[in-house]
Amino acid sequence: MKKLPIVMDFDTGTDDAIALICALMHRDILDIRAITAVAGNVPLEATAANTLNIVDALGHTDIPVAKGAAAPLKRELKCAISHGKTGLGDVVIPPSKRSFSEKDAAEVIYDAAVECKGELICLATGPQTNLALAIQRHPDIVHLIKKVYIMGGCLVGGNMTQASEFNAYVDPDALQILFRSGLDIAMIGLDVTLQTELPVWVKEMVERIETPEARLASQVMDFCLRRNKEWGYDVANLHDVVAFCAIVNPSVLRFKRYYVDVETEGTITRGMTVADFRDVCPDKEKNADCAEDIDLGGFWKWFVDIFKDYERK
Ligand code: RIB
Ligand code: CA
């Protein structure tokens, strides 16, 4: 079967890291053209190093890794604190000896889109700055990317403010460019990702599996579960893993297509992803498949089986 060409953009933090590890275990069906990093959870130096170190620690030194934007298009960078200073808590990964791609993320994404002649899909699980820059520099890219799967936004509520999700809040201008570009978007937002509160039994099942992938992922999950106790944090949600799941196992998600735009001027609504639930804008094309619900049992089974099946290969 022909592999699916993909570029993945992360602000590697803990849930990005687990999504990346899952993706690297799918190279039998994914043609990973490049992996790019953006500032978000932590500054770019950390997200980029985390991304490259994970890719290389798991033996994928053939995949180019590129650095992207160190700040949102127009705003000051706002980082999270729940991933710790490094972005991976207290998990230590041997530093890669490899250099980053010479080109920046936006160029690497565009080059991959041109090479794949309209077949490329993108997974983007941080602020959408890199993709927005690629669209600004190369508007023809919207005809060359088949679909963009984002972890970002939410149909109702938020986690950064009462109205907006973190990635959308950090760079609302970039997300608005994406939604207004004509690209076909799958929006995997908090509506489904906040349901994936990491159960201890999942971490325990993965940590019993003797592979480098399972070892690294369980170390990250262990930090997330400890963090909540020690720091009194909310539960650990595998937000970005759900966005990856939408690509390789969409049957555990229920989607509905809406016209979605992004608030960039609001004070209390900065970064709000606003869906037209009642078709009051018939002249506006429905631009996004929005995840509205998730089969949690199916999701956790799929997640643990990735590690189990990879062990047997
Ligand atoms: O709101 C959750 C999202 O913001 C996740 O992608 C997390 O990694 C952070 O980037
Ligand atoms: Ca992320």
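Just so it is clear, the values below take in all heavy atoms, side chains as well, and ignore hydrogens, waters and symmetry mates. Whatever order the structure lists them in is the order used to number ligands and atoms, beginning at 1.
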Assess whether a salt bridge exists between E265 and R270, defined as any Lys/Arg side-chain N lying under 4.0 Å from an Asp/Glu carboxylate O.
no
Write the atom name of the N, O or S atom in D240 that is nearest the Ca ion (ligand 2).
OD2
Heavy-atom cut-off of under 4.0 Å around ligand 1: list whichever protein residues fall inside it, by chain and number.
D11, D15, D16, N41, T125, M151, N159, E165, F166, N167, H239, D240
Surrounding CD of Q162 (heavy atoms of other residues, nucleotides or ligands, distance under 6.0 Å), is the total greater than 12?
yes
Give a yes or no on whether a salt bridge exists between K256 and D289, defined as a side-chain N under 4.0 angstrom from a carboxylate O.
no
Quick one: do R215 and E207 make a salt bridge, cutoff under 4.0 Å?
no
NZ/NE/NH1/NH2 to OD/OE distance under 4.0 Å, K301 and D295:
no
Determine whether a donor-acceptor pair (N or O, by modelled atom type, separation under 3.5 Å) exists between the side chain of E292 and the backbone of F255.
no
Closer than 3.0 Å to the Ca ion (ligand 2): does that hold for any N, O or S atom in T125?
yes
Among the N, O or S atoms of D11, which one sits nearest to the Ca ion (ligand 2)?
OD1
Would you say the Ca ion (ligand 2) has D15 as a near neighbour, meaning an N/O/S atom of that residue under 3.0 Å away?
no
Using only atom types and a distance under 3.5 Å, with no angle test, would you say the side chain of D9 pairs donor to acceptor with the backbone of Q128?
no
If I take atom CG from residue D56 and atom CG from residue N53, how far apart are they, to the nearest 0.5 angstrom?
7.5 Å
